[in-house]
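So the structure is just underneath, and the comments pick up after that.
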Amino acid sequence: MGQIRCNQCGREILIQEGNRREDCLKVVKEWGYFSEKDREVHEFYLCEHCYDALLEGFAIPVKKETVEEVL
């Protein structure tokens, strides 16, 4: 796994022995015919801090659920 940086703040996401040691948001968006970015694919990462800051600006809160572990 190569280096991952948050596209907002530029901070490197911690990777040790080829595995991420902290979580981040990865967004991949393929734009369709009814956009001005027709057929472009955009990809970016946000660290948890920048993700939280982004959500603070939302007019409609994000739906949250807790996933239960399967034993």
Side-chain angles (χ1 to χ4, degrees):
M1 178 177 285
Q3 183 183 60
I4 299 174
R5 291 193 170 273
C6 173
N7 285 82
Q8 179 66 34
C9 70
R11 188 176 66 77
E12 186 174 352
I13 305 301
L14 182 60
I15 297 175
Q16 292 177 339
E17 299 175 8
N19 297 307
R20 282 193 314 213
R21 296 297 181 194
E22 63 180 300
D23 210 350
C24 63
L25 172 70
K26 177 182 179 181
V27 175
V28 178
K29 169 61 177 158
E30 182 177 339
W31 292 94
Y33 295 114
F34 301 106
S35 76
E36 304 219 358
K37 299 169 192 66
D38 184 19
R39 302 190 68 207
E40 290 181 9
V41 177
H42 293 196
E43 179 179 325
F44 66 89
Y45 293 87
L46 290 178
C47 68
E48 189 170 2
H49 174 79
C50 290
Y51 172 81
D52 290 342
L54 174 68
L55 266 55
E56 287 178 13
F58 282 13
I60 301 170
V62 170
K63 179 181 175 184
K64 297 179 184 179
E65 296 179 8
T66 301
V67 178
E68 295 186 30
E69 286 189 49
V70 177
L71 299 178

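Numbers here simply count residues along the sequence, with the first being 1.
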With D52 via salt bridge (charged side-chain N to carboxylate O under 4.0 Å, His left out) - residues at least two apart: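 Counting only residues at least two positions away or on another chain, D52 forms no salt bridge (charged side-chain N to carboxylate O under 4.0 Å, His left out).
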Under 3.5 Å donor-acceptor, R21 side chain and I15 backbone: no
Backbone N/O of F44 and side chain of N7: donor-acceptor pair under 3.5 Å: no
SG-CD distance between C24 and E48, expressed to the nearest 0.5 angstrom: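 One finds 10.0 Å between SG of C24 and CD of E48.
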Approximate separation, where rounding is to 0.5 Å, of C47 SG and E12 CD: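 These two atoms lie 12.0 Å from each other.
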All side-chain contact (heavy atoms from CB on, under 4.5 Å) counterparts of Q8, not counting sequence neighbours: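 Q8 satisfies side-chain contact (heavy atoms from CB on, under 4.5 Å) with C6, L46, C50 once adjacent residues are dropped.
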ILVMFWY cluster, L25 and Y45 together (side-chain gap under 4.5 Å): no
Single-linkage hydrophobic cluster, 4.5 Å side-chain cutoff, V41 and V27 together: no
Residues in side-chain hydrogen bond (donor to acceptor under 3.5 Å, both in side chains) contact with E40, at least two apart in sequence or another chain: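 For E40 the side-chain hydrogen bond (donor to acceptor under 3.5 Å, both in side chains) partners, ignoring immediate neighbours, are H42.
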side-chain hydrogen bond (donor to acceptor under 3.5 Å, both in side chains) against R11, all qualifying residues, sequence neighbours excluded: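 Listed in chain order: E22.
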Validation: residues 58-71 side-chain donor-acceptor distances under 3.5 Å, sequence neighbours left out:
| from | atom 1 | to | atom 2 | distance (Å) |
| --- | --- | --- | --- | --- |
| K63 | NZ | E65 | OE2 | 3.4 |

More than 12 heavy atoms from other groups under 6.0 Å of CZ on R39: no
Nonpolar side-chain network containing W31, other nodes, edges under 4.5 Å: none
